[in-house]
Amino acid sequence: MQITTSRFGTVSVSETDIITFPEGLLGFTNATQFVMLDDPGDEIFAWLQSAQDPKLAFPILEPELFFKDYKVSLGKHELEALK
């Protein structure tokens, strides 16, 4: 599948790479499909790129880079929503 981005142009991604947030993200309820893209110009940051809106992307990084003992704690509702 091809998605268009404002940062990296058109990129090819697999359907299995799509991350679906059924309820969208906080403040972006209409944006439900994203893909993680590495930034070739930056070793720390990657991008959570919307598969629906080329201009919508969020910088992301691995929290372990700053907090060695970082652990994610999700409640039952979050786990069910993420499947």
Side-chain angles (χ1 to χ4, degrees):
M1 139 181 229
Q2 302 277 342
I3 63 169
T4 304
T5 75
S6 61
R7 287 159 191 78
F8 306 110
T10 301
V11 294
S12 296
V13 297
S14 170
E15 291 281 339
T16 59
D17 292 333
I18 301 293
I19 302 167
T20 301
F21 298 92
E23 298 174 18
L25 298 179
L26 184 63
F28 299 90
T29 56
N30 292 328
T32 58
Q33 294 185 321
F34 289 84
V35 64
M36 288 194 306
L37 299 175
D38 287 328
D39 187 334
D42 193 313
E43 293 182 18
I44 294 178
F45 288 99
W47 292 89
L48 186 62
Q49 172 68 52
S50 170
Q52 299 156 307
D53 181 350
K55 296 177 186 172
L56 181 60
F58 301 97
I60 57 175
L61 54 80
E62 294 183 36
E64 291 87 359
L65 293 171
F66 303 97
F67 303 99
K68 299 292 182 202
D69 297 331
Y70 181 80
K71 300 256 189 276
V72 175
S73 178
L74 298 175
K76 183 178 177 182
H77 176 73
E78 290 89 2
L79 290 171
E80 288 173 356
L82 293 171
K83 297 179 186 174

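Just so it is clear, the values below take in all heavy atoms, side chains as well, and ignore hydrogens, waters and symmetry mates.
Applying the ring-ring contact (aromatic ring centres under 6.0 Å, His included) definition to pairs two or more places apart or across chains, those involving residues 52-83 are Phe28-Phe58. Applying the side chain to side chain donor-acceptor pair (under 3.5 Å) test to every pair with at least one member in residues 53-66, sequence neighbours left out, gives no pairs at all.
In the hydrophobic clustering of ILVMFWY residues, with side-chain heavy atoms under 4.5 Å counting as a link, Leu26 and Phe21 come out apart. Leu48 and Met1 end up in different hydrophobic clusters when Ile, Leu, Val, Met, Phe, Trp and Tyr side chains are linked at under 4.5 Å. Note on Ile19 and Val13: separate hydrophobic clusters, where clusters join Ile, Leu, Val, Met, Phe, Trp and Tyr whose side-chain heavy atoms are under 4.5 Å apart, directly or indirectly.
Judged as a side chain to side chain donor-acceptor pair (under 3.5 Å), and not counting sequence neighbours, the contacts of Thr16 are Ser14.
Within a 6.0 Å radius of CG in Leu74, more than 12 heavy atoms belonging to other residues, nucleotides or ligands are found.
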Compile the donor-acceptor pairs under 3.5 Å between side chains in residues 2-11 and protein atoms, sequence neighbours left out, one pair per line.
from	atom 1	to	atom 2	distance (Å)
Gln2	NE2	Ser12	OG	2.9
Thr5	OG1	Phe8	N	2.8
Thr5	OG1	Gly9	N	3.1
Thr5	OG1	Gly9	O	2.9
Ser6	OG	Pro54	O	3.3

Donor-acceptor pairs under 3.5 Å, side chain of residues 31-44 to any protein atom, not counting sequence neighbours: which ones?
from	atom 1	to	atom 2	distance (Å)
Thr32	OG1	Gln52	NE2	3.3
Asp39	OD1	Gly41	N	2.9
Asp39	OD2	Trp47	NE1	3.1
Asp42	OD1	Ile44	N	2.8
Asp42	OD1	Phe45	N	3.1

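Between atom CD of residue Glu80 and atom CD of residue Glu78 there is a gap of 9.5 Å, rounded to the nearest 0.5 Å.
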